[in-house]
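Heads up: the structure comes next, in structure tokens.
Every chain is numbered from 1 and lettered A, B, ... according to where its sequence line falls, protein lines coming before strand lines.
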Amino acid sequence: MDFKSNVPIYLQVTADLKARILTGEIHPGDKLPSSRELALSYEINPNTAARIYTEMERQGLSYTKRGIGTFVTEDTSVLEYHREQELKRILHAFTSELKSFGYDTDDIPNLLKKYSEKKEVTE
Amino acid sequence: MSVTCTNITKRYFFKTALNNVSLSFEPGHIYALLGPNGSGKSTLMKILSGLTSKDNGEITVDGHPFTYRDKAFIAFAPTEFIFFDYMKIKDVAAYYHDYFKDFDRACFFQMIHEFSLTPDMKVRTLSSGMLAKLKIAATMSRQARLLLLDEPLNGIDLLSREEILRTILSHADSSRAIVISSHMVEELEATVDTAIFMQEGNLVLCSDVETLREKEGMSIVEKYRQIYGTTTMKEAI
Amino acid sequence: MLTTMKYEFMKNRILYAISLGTLALLQVVYLVMLPFSSIKSSNILIPLFLIFMAGTIIFFLIIINGISLFSRDLRSKSGYLVYMTPTPIPFILSAKILLVYLSSIIFTLGFFFLGLADLHLLILAGGKYLKDDNDLMPRVIKYLLDNFSTADVALKLLQGAVIVFNFLSTVYFSIGLSQTLLRNKRFGGLISFLIFIAITVFNSFVSHQISSNVLTYIFHVGLGVFCFIGTSYLLVRKIDL
């Protein structure tokens, strides 16, 4: 994984794991790798990796059973909450960028329609 | 095993190689030792491994003063060619095995194999990249508590560099401290957890890497540029 | 310490190989020439003489090589592997000195005994001209066995060891001093040499003041020990690879 330079690496990996949970690549209740295995698979420092699950637990995304391992939460309300946060983030980024190029957010439905149609025509 | 340097000074006739440097190397951490040529990185490593003496200051290992016995727990991979002319790779293994109780032959030959080297190769015929890999294999096959790697990525192709970093990560554990000095600052970003910046023999900064990102929003590379004063293209524009 | 001796030995293998090769060559030449030699042509004496000569030269070469290795280990990267091991410095020094002594004794005595055996062969071959001497080798051996008991031999070897120890300690100390305290890389060799001369002159001077032979000997040995300890101290505290 290529890391951005101004955000702590453990947060970037947390975000990546969260995305994989929310997109369904990792399922609720799945066992997550040990923090050492995380370090090796993301190729990051083990101490850095150790902070990941602490953060994920703080966000309610996972829980640890001592001696057994770390698991993805099965609490659907928590996952829904995060899904909603992600949606807000995506929409905010989308609308900000549109605005910065001079488009009006009220036009969004029309723009989508227009450019989706155009795509069908060229195919 | 924790190794602490307090006020280490080393002077040569015309130059102060280290000036009152105080640092502590704790097990379980991987350190990046950074700075331009001449900042004292190699000298520090040589002093820690007992190859060079200090003029002032103390080195303590788990609280007791450093003696020759501690060399059994400290492994150093210098930049230079250090092996005896007649040696083949298997002779290097024999040498390390003879002198260091913690040397793991199986691990060494495994790494040699992964680096596409063979035990019968003569050391003096190796390219600089192959030599670098050999030094890594020998040093990391020792179960030493403090590993000092001086520019281990020099002269090595990209894929091998990544391989070496992966090897370092897989051999890192909570009982050893690993110190890597390198000019390849970007490549070390994710591997290390602490960055040590030196300049002209002085310790400029020793910082946890994630803290640097959290508090200052800077990666090691950016902090490096800030400390050593290069303006980036973005700033210029 | 034995491990260090083993690796010092390995570092010298080319010198040893050349010595053995030279010995083998001279021996073969000698044996080939032997059947064709006569009392008129003394060519046969040439390889014989060379064997003894080579034995002497080898002795000095081994000593010089030992000194050169020690110096090189302190100046260049070849010393890293040696000094990074958890071996006490005095053990490293002892190993180096011991190996030089043992290898020089073994090679030189080896050459000389072979030379003596060859001389005996020559006497046998020329028996009809030198009939009174064809028991030279047995006579030499009998003489040696009669007059030199094992204790005597051991004593001689020990005295030799002390001489080599003293000499090497002084040289090592000079080199060590020049390399560590007087860190002058360029004239290092010259400075070592001057220090060595200074110590030797001092040694002679003081010896002359002492009248008793025993005390002089003790002084010699004491100076050697001082140099050994001094070298150890310098390397432990001031090493600079």
For B:Tyr86, is it the side chain, the backbone, both or neither that has a heavy atom under 4.5 Å from a heavy atom of chain C? both

C:Thr87: what forms a side chain to side chain contact (heavy atoms under 4.5 Å, CB included) with it, not counting sequence neighbours? B:Tyr99, C:Thr4, C:Thr85, C:Phe91, C:Ile92

Minimum heavy-atom distance between B:Arg69 and C:Pro86, given as atom pair plus value: O-CB, 4.4 Å

Should C:Met84 and B:Ile74 count as side-chain neighbours, where that means a heavy-atom distance under 4.5 Å? no

Could you grab the distance from atom CG of C:Leu2 to atom CG of B:Asp98, nearest 0.5 Å is fine? 11.0 Å

Intermediate values then yes/no, salt bridge (charged side-chain N to carboxylate O under 4.0 Å, His left out), C:Asp240 and B:Lys10: CA-CA 10 Å; C:Asp240 204 80; B:Lys10 174 75 180 172; 2.7 Å; yes

Is it the side chain or the backbone of C:Thr3 that comes within 4.5 Å of chain B heavy atoms, both, or neither? both

Side chains of residues 55-63 of chain C: which donor-acceptor pairs under 3.5 Å do they make with residues two or more places apart or in other chains?
from, atom 1, to, atom 2, distance (Å)
C:Thr56, OG1, C:Phe52, O, 3.0

Is the backbone N or O of B:Thr79 less than 3.5 Å from a side-chain atom of C:Lys77, with the two atoms forming a donor-acceptor pair by type? no

Most contact-rich option vs chain C, by heavy-atom pairs under 4.5 angstrom, among B:Thr43, B:Asp91, B:Leu51, is B:Leu51

Neighbour count above 12 (heavy atom, 6.0 Å) for C:Arg237 CZ: no

Please work out which of the three classes, parallel, tilted or perpendicular, describes the rings of C:Tyr7 and B:Phe84, given edges at 30° and 60°. tilted

For a side chain to side chain contact (heavy atoms under 4.5 Å, CB included) check, start with the C-alpha distance between B:Tyr95 and C:Leu81, then their side-chain angles and the critical distance, and finish with the verdict. CA-CA 9 Å; B:Tyr95 188 90; C:Leu81 270 184; 3.7 Å; yes

Side chain, backbone, both or neither: which part of B:Ala94 has a non-hydrogen atom closer than 4.5 Å to chain C? both

Heavy-atom neighbours of B:Phe109 CZ exceed 12 at 6.0 Å: yes

Proximity of residues 53-62 of chain B to chain C, residues having a non-hydrogen atom under 4.5 angstrom: B:Ser53, B:Asp55

Strictly less than 4.5 Å between heavy atoms, which residues of residues 130-142 of chain B line up against chain C? Please order them by number. none

B:Lys46 side chain to C:Tyr80 side chain, donor-acceptor N/O pair below 3.5 angstrom: yes

Residue B:His64 excluded, over 12 heavy atoms near NE2 under 6.0 Å: yes

Using a 4.5 angstrom heavy-atom cutoff, name the option from B:Phe81, B:Phe83, B:Tyr12 with the most pairs to chain C. B:Tyr12

